[in-house]
2 protein chains.
Amino acid sequence: MAHLPSNVISCHFNNKTSCENCRLNQLCLPISLQINEIDKLDAIIKRKRPIGKGDAVFHLGERFSAIYAVRSGSLKTVNVTVDGQEQVTGFYLPGEIFGLDGLGNNIHTNSAVALETSAICEIPFSRLEELTIKIPSLQRHIFQVLGQEIASEQSLITHLSTSTAEERVAALLISISSRNHRRQLSGTDFRLPMSRTDMASYLGVTIETVSRILSHFQKKKLVTIKMKDIIITDMQALRSLAKVS
Amino acid sequence: MAHLPSNVISCHFNNKTSCENCRLNQLCLPISLQINEIDKLDAIIKRKRPIGKGDAVFHLGERFSAIYAVRSGSLKTVNVTVDGQEQVTGFYLPGEIFGLDGLGNNIHTNSAVALETSAICEIPFSRLEELTIKIPSLQRHIFQVLGQEIASEQSLITHLSTSTAEERVAALLISISSRNHRRQLSGTDFRLPMSRTDMASYLGVTIETVSRILSHFQKKKLVTIKMKDIIITDMQALRSLAKVS
DNA sequence: CGGGTCATTGAGTCAGCTCAAGGCTCGTGG
DNA sequence: CCACGAGCCTTGAGCTGACTCAATGACCCG
């Protein structure tokens, strides 16, 4: 095994990493696979050099050719409305799959942008399709990933239609919290990867409203916030505010 | 084969209908298939007895076992929020596929309810999965249907986040119009299948707001409305209001 | 033709927006 | 190691689009 260079960027970057030894393999695509099947999946996955904050994995309008998994860091997907405004449509954390927006008509309808230095796996879609025909459980899992994306978007739709600004902010905090928890990280004490502007755009409110609501949550002793660092001090209350059971 | 009763319901109902001779086969699943492949798809599709207005095809919480295509009529999918409110998450017209909401975790997260007397095709998902392994172009098409669902939900999300009530109503009218047009029907002169209440719920506004906006559109000579019958008299202006190119 | 559902219209209220000013943070360079 | 600047975040004041509450009108089915 080659000796790894010691600077920060490269220590995250290891070409030899495989799905088999990836910490995230119980969250990501391999979850449904046998060892020998994982090897086949592994063979088609390209592990890219880490990308810096603000860099795009793909741009709106580009031809769809692959889906992506987050290995480390975090990303947002961004849409541009007809009148030129940016609109954040999703946040993606390690173990999560993104880039599905191009599947419908072979053109990406969003750009994917790193929120911090991030490592991603690229999975060429045509190769993946071939593989799913050989490995039915993988096909089932891809369908499931797509289905989950649909379900999570529907719940966002419901939220945007029916919730107040306060409920939206609470729900986002709960969502990030539970996704961290799923990765064996703290669900109460973490760093928000996105800016207030991104949160506001995603939630369909203004940045001022997000800020005011976070201050208000702090006043009510639900959370402790210092910029992007957040500690949830009353999960119960926050959950009920978010209308999440 | 039994003689069919002659009442109104049954005259729409014909077991012999096949994908091959269905008027909608250039919109629906068969679009990507050869004749002999269509026969295979046909073999797994169950054509159900027409259902009446208000009847459900599946209920929230039920086990996911099939996806559905609208043959005639129209349906809505409905979600129930934590506090017990109904929320419409989608409208489905002939040739469109619904029921994908259960794919993620094998449980339907919505109910599907007929807006009028409707005929639907049921496609058992496990049979469809088997078939996609034998017919790669069908797999590709299913992925595409899922991708389109994801894309259309994302565009709804963007709309709900950024649009005013007026823009939302305009966008819904344009959407119904273009979906009618796709079916070779008039894109300017049609009947809205859903109630004001359903429109309002789907758009995330109140019923009064929908009503006021429709009246306002009429005053501005964009449309002529008589309850559910609508004539779009200035498509250009309505499109630009909807912020759709 | 009568009752119930669905749709329209009006008046007053409020959540979240806009505009504006000031504070905090962090990276950079002297 | 500190000073500085640019971007990000917070807070305040006033405004407005959409909501709530309420009453009336239109349609449909038995």
Side-chain angles (χ1 to χ4, degrees), chain A residues 8 52-54 76 81 83 85-88 113 115-117 159-173 191-220 223-230 241 243, chain B residues 8 52-54 76 81 83 85-88 113 115-117 159-173 191-220 223-230 241 243:
Chain A
V8 177
K53 177 174 176 170
K76 63 178 172 182
T81 60
D83 47 346
Q85 291 203 328
E86 275 208 352
Q87 157 77 15
V88 175
V113 176
L115 293 169
E116 58 194 309
T117 302
H159 241 275
L160 291 173
S161 296
T162 60
S163 302
T164 63
E166 209 167 70
E167 288 160 0
R168 293 176 199 202
V169 174
L172 178 58
L173 297 183
R191 168 168 260 261
L192 294 170
M194 74 293 283
S195 67
R196 298 286 189 271
T197 305
D198 288 333
M199 290 176 67
S201 170
Y202 178 71
L203 297 173
V205 297
T206 59
I207 176 176
E208 293 95 330
T209 298
V210 170
S211 185
R212 272 187 254 273
I213 285 170
L214 288 176
S215 300
H216 183 216
F217 283 174
Q218 189 153 246
K219 234 170 255 165
K220 293 208 302 185
V223 298
T224 306
I225 297 172
K226 197 182 168 206
M227 301 302 281
K228 291 184 176 175
D229 293 310
I230 180 161
L241 247 178
K243 295 201 201 162
Chain B
V8 176
K53 177 174 178 171
K76 63 178 174 182
T81 61
D83 46 344
Q85 290 204 329
E86 277 209 351
Q87 157 76 17
V88 175
V113 176
L115 293 169
E116 58 195 310
T117 302
H159 241 274
L160 291 174
S161 295
T162 61
S163 301
T164 63
E166 209 167 69
E167 288 160 0
R168 293 176 199 200
V169 174
L172 178 58
L173 297 183
R191 168 167 259 260
L192 294 170
M194 74 292 284
S195 68
R196 297 285 188 273
T197 304
D198 288 334
M199 291 178 67
S201 170
Y202 177 71
L203 297 173
V205 298
T206 59
I207 175 175
E208 294 95 330
T209 298
V210 169
S211 184
R212 272 187 255 273
I213 286 171
L214 288 175
S215 299
H216 183 216
F217 284 174
Q218 189 154 247
K219 233 170 254 165
K220 294 207 303 184
V223 298
T224 307
I225 297 172
K226 197 181 170 205
M227 301 302 280
K228 292 184 176 176
D229 293 311
I230 179 163
L241 247 179
K243 295 202 201 161

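So that the names make sense, note that chain A is the first sequence line, chain B the second, and so on, each numbered from 1.
- Taking atom CE of A:Met194 as the reference point, atom P of D:dC9 lies 11 Å away to the nearest angstrom.
- Going from atom CD of A:Gln218 over to atom P of D:dT10 covers 9 Å, rounded to whole Å.
- Look at CD1 on B:Ile225: it is 12 Å from P on C:dA7, rounded to the nearest Å.
- Checking side-chain atoms of A:Gln218 against main-chain N and O of A:Ile225 turns up a donor-acceptor pair under 3.5 Å.
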Short heteroatom pairs, N/O only, protein and nucleotides 25-30 of chain D, under 3.5 Å:
none

Interface polar pairs with nucleotides 27-29 of chain C, N/O, under 3.5 angstrom:
none

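- In this structure, B:Arg196 contributes its side chain and B:Val210 its backbone to no donor-acceptor pair below 3.5 Å.
- Within residues 159-172 of chain A, the residues having any heavy atom closer than 4.0 Å to DNA chain C are, in order of number, A:Thr164, A:Ala165.
- Checked against side chain to side chain donor-acceptor pair (under 3.5 Å), A:Glu86 has no partners two or more places apart in sequence or in another chain.
- A:Lys53 has its NZ atom 11 Å from the C1' atom of C:dC26, to the nearest Å.
- A distance-only check finds no donor-acceptor pair linking the side chain of B:Ser163 to the backbone of B:Arg168 [under 3.5 Å].
- In this entry the distance linking CG of A:Leu115 with P of D:dC8 reads 13 Å, nearest Å.
- Side-chain atoms of B:Ser215 come within 3.5 Å of backbone N or O of B:Ser211 as a donor-acceptor pair.
- Of the residues in residues 204-217 of chain B, those placing a heavy atom less than 4.0 Å from an atom of DNA chain C are B:Glu208, B:Ser211, B:Arg212, B:Ser215, in numerical order.
- For the pair A:Leu214/A:Val223, no side-chain contact is recorded, criterion being any heavy-atom separation below 4.5 Å from C-beta on.
- Distance check: B:Leu241 CG to B:Glu167 CD gives 7.5 Å after rounding to the nearest 0.5 Å.
- For the helix from C:dC1-D:dG30 to C:dG30-D:dC1, the end axes, each set by the C1' atoms of five terminal pairs, are bent relative to each other by 40° (nearest 10°).
- Under a cut-off of 6.0 angstrom, the local environment of NZ in B:Lys228 is crowded, with over 12 non-hydrogen atoms contributed by other residues, nucleotides or ligands.
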(Q) Evaluate A:Lys76 against A:Met194 for side chain to side chain contact (heavy atoms under 4.5 Å, CB included), listing each step before the verdict. (A) CA-CA 8 Å; A:Lys76 63 178 172 182; A:Met194 74 293 283; over 6 Å; no

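- Following rounding to the nearest Å, B:Ile230 (CD1) and C:dA7 (C1') show an atom-to-atom distance of 14 Å.
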